[in-house]
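The structure displayed is predicted, hence computed values, not measured ones. Every heavy atom of this structure was used, including side-chain atoms; hydrogens, water molecules and symmetry mates were not. Chain letters run A, B, ... following the sequence lines, proteins first and then strands; every chain starts at 1.
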Number of protein chains: 2
Amino acid sequence: MNLPPLIQTFVLHFGEMGSRWGINRTVGQIYALLFLSSEPLNAEDIVERLGVSRSNVSMGLKELQAWNLVRLQHRPGDRRDYFSTPDDIWQIVRTLVEERKKREIDPTLTLLREVLMQEPASAEERHAQTRMRDMHDLFELLTDWYAEMQRLETERLVQLLKLGTKVQKILDVKDRLFLTSGSKKRGGSGKDK
Amino acid sequence: MNLPPLIQTFVLHFGEMGSRWGINRTVGQIYALLFLSSEPLNAEDIVERLGVSRSNVSMGLKELQAWNLVRLQHRPGDRRDYFSTPDDIWQIVRTLVEERKKREIDPTLTLLREVLMQEPASAEERHAQTRMRDMHDLFELLTDWYAEMQRLETERLVQLLKLGTKVQKILDVKDRLFLTSGSKKRGGSGKDK
DNA sequence: TCGTAATTTCAGTATTTTCTGAAATATCGG
DNA sequence: CCGATATTTCAGAAAATACTGAAATTACGA
């Protein structure tokens, strides 16, 4: 591996992190490298920097493309493929979340719906279904929320995140002003934890 | 594997899903099984249901305990350990997010801070640092937001999630009512996408 | 269409991870 | 402390995954 120390630290870290995410070490390292690079890199650049085989890089890049995580570019008069990551880190987050949703959440929701359609054949299965229903509803709530957030412009999304739970206070004000929904019993100190 | 079909489908699915999450198949299956079960199971129960070795189950349960994802209980007059998952699925989500943060995000933030303290030795390292700064700020924003959400009672959290981007409208109303912060240029149709 | 350079594929190898059975250790009631 | 039962540990086997070099394929300019 042939990298400035500061960059190497980061690249190695993301290689390890990748392992915890169903992504392999090399793919993590390639992405980290591209992320830090101020200009697009070609496969040979990556081979030299990371010290892995050309074919490994080829496979890694293919996987990153399947994840929509890299952009492929060309330089005039050079027919090699150059790769880069979006300048906007929020774009990266959006893609990551979107792809993980597509691969993990959506199939799970589909499976849950299928299984929930079936007739339970025992008390055990009936209970299992209520648990699956809970999970289904939770996933649905989260994906609906996510869909709304994904639609926001980044600036507004950040604004909202920075607001955090202060929204609560605004809601309280709204409640007091408009008194729309029923005034549910309040103040019962939660059996939180 | 010795399970009613409906339950088996779910257990197998979560076994596979587990693989994508740095958790191995058996651990995923054990958790799925416990999640669906209406009463706590002991290790031997799990061995019979999943058809894996006793030692594998022991290790799997140990891992789930390290993740705080299972509760250990005892039955009177029975000295085996019985395991279950929280009844409240939101509690499970909270724990999962908390633990993943602890293992993945926090160490990454620490590393980013360390590397950002260092003096860049070249233009390349300087650029790399600006990228790491972007990432650091993003992670910090997200973890701050997360910390606030984690503090909310579930009921309120759900309320907020269901609200989604409708919050936006309320914010707009607030803006118009109080005109507190600077009136930034508005209405330039976003170059969204 | 040919020649060259780039990329991809893939069979085999290396590495890592998971799983098992056997042995060791722990726990409990008496 | 003993005996019985439960759990954990761990070395090695099995399985899964990652990686490589060589060969095949693709892409392109001439």
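- Here the P atom of nucleotide D:dA6 and the CZ atom of B:F83 are 13 Å apart, to the nearest Å.
- Evaluation of the salt bridge (Lys or Arg N to Asp or Glu O under 4.0 Å) rule for B:E39 yields B:R75 as partners, not counting sequence neighbours.
- Nucleic acid contact for B:D81: sugar-phosphate only, since backbone atoms but no base atoms lie under 4.0 Å from a heavy atom of the residue.
- Qualifying salt bridge (Lys or Arg N to Asp or Glu O under 4.0 Å) partners for A:D78, counting only residues two or more places apart in sequence or in other chains: A:R80.
- The side-chain hydrogen bond (donor to acceptor under 3.5 Å, both in side chains) pairs that include a residue from residues 53-66 of chain B are B:T26-B:N56, B:S53-B:S55, where partners are two or more places apart or lie in different chains.
- With sequence neighbours left out, the side-chain contact (heavy atoms from CB on, under 4.5 Å) criterion links B:E104 to A:M17, A:R20, A:W21, B:R100.
- Taking NE2 from A:H136 and OG1 from A:T108, the interatomic distance works out to 11.0 Å, rounded to the nearest 0.5 Å.
- For the pair A:I30 CD1 and C:dT7 P, the computed distance is 13 Å after rounding to whole Å.
- At C:dT9, one or more side-chain N or O atoms of A:K62 fall inside 4.0 Å of OP1 or OP2 (strictly under the cut-off).
- Of the residues in residues 68-75 of chain A, none lies under 4.0 Å from DNA chain C by heavy-atom distance.
- What separates CD of A:E44 from C1' of C:dA6 is a distance of 10 Å, to the nearest Å.
- A straight line from CG of B:L61 to C1' of C:dC19 spans 15 Å, rounded to a whole angstrom.
- Residues that satisfy the ring-ring contact (aromatic ring centres under 6.0 Å, His included) test with A:F14, not counting sequence neighbours, are A:F10.
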query = Can you give one letter per nucleotide of nucleotides 16-30 of chain D, 5' to 3': B if a protein heavy atom sits under 4.0 Å from the base, S if only from the sugar-phosphate, - if neither?
reply = --SSBB-----BS--
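- Counting only distance, with no hydrogens or angles, the side chain of B:Q129 and the backbone of A:L6 share no donor-acceptor pair below 3.5 Å.
- One atom, CG of B:D78, and another, P of C:dG29, lie 11 Å apart when rounded to the nearest Å.
- End-to-end axis angle for the helix from C:dT1-D:dA30 to C:dG30-D:dC1, using five pairs per end and rounding to 10°, comes out at 40°.
- To the nearest angstrom, C1' of C:dT18 lies 21 Å from CH2 of B:W21.
- Rounded to whole Å, the distance from CZ on B:R80 to P on D:dT7 is 8 Å.
- Scanning for side-chain contact (heavy atoms from CB on, under 4.5 Å) contacts around B:E124 gives A:P4, A:I7, A:R49, B:S122, with sequence neighbours left out.
- Not a single salt bridge (Lys or Arg N to Asp or Glu O under 4.0 Å) links A:R126 to another residue, sequence neighbours left out.
- Pairs of residues two or more places apart, or lying in two chains, never qualify as ring-ring contact (aromatic ring centres under 6.0 Å, His included) while including a residue from residues 71-95 of chain B.
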Please tabulate, for the side chains in residues 139-146 of chain A, all donor-acceptor contacts under 3.5 angstrom to protein atoms that are two or more places apart in sequence or on a different chain.
residue: A:E140; atom: OE2; partner: A:R113; partner atom: NH2; Å: 2.9
residue: A:T143; atom: OG1; partner: A:F139; partner atom: O; Å: 3.0
residue: A:T143; atom: OG1; partner: A:E140; partner atom: O; Å: 3.1
residue: A:Y146; atom: OH; partner: A:E98; partner atom: OE1; Å: 2.3
residue: A:Y146; atom: OH; partner: A:Q150; partner atom: NE2; Å: 2.5

